[in-house]
Asks: 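Have a look at this one before I ask anything.
Reminder, nothing fancy here: chain letters follow the sequence lines and each chain counts from 1.
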Amino acid sequence: MTNPEQTQSLDFIRRKIADDLESGKYDRVVTRFPPEPNGYLHIGHAKAIRINYGIARDFDGEFHLRFDDTNPVKEEAEFVEAIKDDVAWLGCDWGEHLYFASDCFEKMYACAVTLIKASLAYVDDLPADRISADRGTLTTPGVESPFRRRSVEENLELFERMKAGEFPDGSRVLRAKIDMSHPNMNMRDPVMYRILHAHHPHRGEDWCIYPMYDWAHGIEDSIEGVTHSLCSLEFENHRPLYDWFLDRLIEHHGEHVHKPEQTEFARFNLTYTVMSKRKLRELIEGGYVNGWDDPRMPTLCALRRRGFTPEAIGEFLDRVGIAKFTGTSEISLLEHCLRRDLNKSSPRVMAVLRPLKVVITNYPEGKSEELDAINNPEDPSAGVRKVPFSREIYIERDDFMEDPPRKFFRLAPGREVRLRYAYFITCTDIVKDDSGQPVELHCTYDPATRGGDAPDGRKVKGTLHWVSAAHAIDAEARLYDHLFTREDPSDVPEGHDWKENLNPASLEVLTGCRLEPSLASVEPGYRCQFERLGYFCADPDSTPGAPVFNRTVTLRDTWKKMQKMQKKQ
RNA sequence: UGGGGAUUAGUGUAACGGUAGCACGACUGACUCUGGAUCAGUUAGUAAAGGUUCGAAUCCUUUAUCCCCAGCCA
């Protein structure tokens with residue numbers, strides 16, 4: 001943050017941090033991303049990661065990755081590794097700062113004892129439903145528990161026995177003693193500890209009482225030296241409690257207690273998808289998608305598999321910005337960032353998804369030659385490669401029309417087009433099947449146009465990609481489209497289900513695709529552009545000799561857009 | 001009839017009492033051996049009503065709409 005011009009348009013959090021630094025409130029910046037290891041991360045989480053990591057980076061601070069593992073019944077060790085993979089993939093480096101909330105359990109316990117001794121916490125024997133009922137409602141105050149006035153000694157002893165495992169699950173809790181008629185429900189004697197005789201993925205059987213989020217989170221932040229505890233808007237109501245716990249500890253806990261500060265920002269929604277864990281799970285369990293890494297999902301593992309780059313996601317998130325309004329970002333912005341990144345980095349290659357055979361009747365039988373193709377017009381250093389050409393080739397079925405409409409610049413009877421990097425060809429004959437569908441075209445070529453330029457200066461309107469039939473590799477392509485047909489999938493009439501908005505064409509699997517031979521042995525994760533079609537990425541389902549490509553995103557396609565417009569009219 | 005937040009072009013986000021700007025989208029056009037990319041241009045906004053002020057998106061009042069909160073989840 002040394003560039004003064006940037007201070008003109010800092011987001012509200014960075015501005016506040018800059019102020020805190022200037023006023024001396026804090027002398028450094030420490031942020032953290034605190035996921036609960038109970039599921040896979042999606043692009044919404046990526047925003048929180050990006051904000052926390054980006055701010056630490058911009059202010060030369062520290063970024064911590066901390067697993068908020070305070071609920072053993074919901075958490076699994078498997079998710080810890082998956083989350084680490086995703087955060088690292090995004091390029092957010094936590095360095096040495098990998099933490100587990102559960103490593104603080106001893107200190108949290110000691111802090112709880114402090115509050116009990118200060119008569120600010122008590123053991124409550126009421127059952128859960130009674131505690132819930134006694135909490136009151138949004139508009140009516142709660143009533144105090146009969147156990148609220150227990151002596152410090154009794155509370156100390158009971159809490160000790162809770163920890164020792166003497167009581168069954170649910171039989172008692174430790175609650176903070178605040179105010180049962182507080183207008184903020186979170187302040188009505190919130191539960192600090194519950195009894196859970198469960199195996200903890202990180203702590204094993206060490207504990208049978210587990211801290212609640214509100215109690216644990218501030219202590220974790222404090223212990224790690226977090227300065228700015230950034231979280232999403234729904235925790236705004238929890239901030240008074242966050243502060244209350246920390247302030248009471250500062251008063252009563254003896255040793256110095258560091259006080260971080262919580263600031264909330266808005267999550268975001270993305271058009272044409274859903275982000276809630278519940279809905280994502282429903283899609284999987286209902287078989288609408290094939291798991292958490294199905295490339296149609298908004299999860300990070302899915303986006304990775306589909307071919308998204310962390311750079312594109314990062315740029316998207318930066319452009320979405322930070323504010324306190326929960327809006328809906330357009331997926332077209334994400335796609336824009338993706339194409340921008342992929343355009344400059346992806347090698348170009350020719351692939352025919354829906355092949356139509358073309359026989360070049362005046363090209364010598366048995367002959368083949370190698371033509372020069374540019375690997376990436378956006379990056380001269382990517383060099384050139386050789387592409388084989390022969391008498392029989394495949395072109396895209398969509399690139400031929402027997403009876404073309406106006407503005408169709410591709411191949412048609414009697415029309416001349418360019419084969420990219422090869423020759424001009426002219427269509428002379430159509431071979432059709434019984435139903436009248438073209439199954440093969442006969443064309444002639446002009447040997448003088450080798451390489452794609454006509455020495456006489458004549459122009460063609462269209463350039464087609466192609467693959468030599470004899471040299472082609474067979475492949476599968478998976479074409480993805482938006483998961484839902486509506487911008488807001490939850491926008492359904494009364495009595496209808498949001499899943500009715502699922503896009504039936506969100507996945508189209510194409511087999512028998514023909515690729516140029518340079519793609520013979522690519523590793524899963526390999527990204528390239530199929531010229532004129534889109535960006536593709538080799539899927540882990542690929543096997544030697546049988547590659548599978550995911551379409552990451554199409555190229556912008558003005559011809560398809562024109563067709564759509566015409567259909568509408 | 002409780003408390004806490006929010007509201008600027010279609011979307012997201014700036015402007016912090018002094019010219020309402022940027023990006024994406026959409027639409028035109030130019031160029032092109034990818035109907036890609038690139039380039040040029042057009043489009044469109046301060047939720048409403050009052051008030052303070054020389055001057056208001058910004059400060060005040062009222063209204064409207066939306067989001068969050070009654071887990072021993074996070």
Asks: Could you check how far CZ of A/R556 sits from P of B/G36, rounded to whole Å?
Replies: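 A/R556 atom CZ is separated from B/G36 atom P by 7 Å.
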Asks: Under 4.0 Å from OP1 or OP2 of B/A37: is there any side-chain N or O of A/R339 that close?
Replies: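 The answer is no; no side-chain N or O of A/R339 sits under 4.0 Å from OP1 or OP2.
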Asks: If only side-chain N and O atoms count, and only distance matters, is there a donor-acceptor pair under 3.5 Å linking A/E36 with A/N38?
Replies: yes
Asks: Is any side-chain N or O of A/R239 closer than 4.0 Å to OP1 or OP2 of B/C68?
Replies: no
Asks: Between A/F409 and B/G35, do the rings stack, that is, sit under 5.5 Å apart with planes less than 30° off each other?
Replies: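 The base of B/G35 is stacked with A/F409 (centres under 5.5 Å, planes under 30°).
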Asks: Does A/R194 put a side-chain nitrogen or oxygen below 4.0 Å from OP1 or OP2 of B/A74?
Replies: yes
Asks: Is the ring of A/W559 stacked on the base of B/G35, with centres less than 5.5 Å apart and planes under 30° off?
Replies: yes
Asks: Does a side-chain N or O of A/S332 approach OP1 or OP2 of B/U11 to a distance below 4.0 Å, or not?
Replies: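 Answer no for this pair, as no side-chain N or O of A/S332 is under 4.0 Å from OP1 or OP2.
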Asks: Got a sec: does the NZ of A/K324 have more than 12 other heavy atoms crowding it under 6.0 Å?
Replies: yes
Asks: Does A/K461 NZ have over 12 foreign heavy atoms under 6.0 Å away?
Replies: no
Asks: Does B/A26 have OP1 or OP2 under 4.0 Å away from a side-chain N or O of A/K561?
Replies: yes
Asks: Quick one: A/L333 CG to B/G10 P, roughly how many Å, whole number?
Replies: 17 Å
Asks: Would you say A/R278 reaches B/C73's phosphate, i.e. side-chain N/O to OP1/OP2 under 4.0 Å?
Replies: no
Asks: Any side-chain N or O of A/S9 below 4.0 angstrom from OP1/OP2 of B/A15?
Replies: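 So the side-chain polar atoms of A/S9 never come under 4.0 Å of the phosphate oxygens OP1 or OP2 of B/A15.
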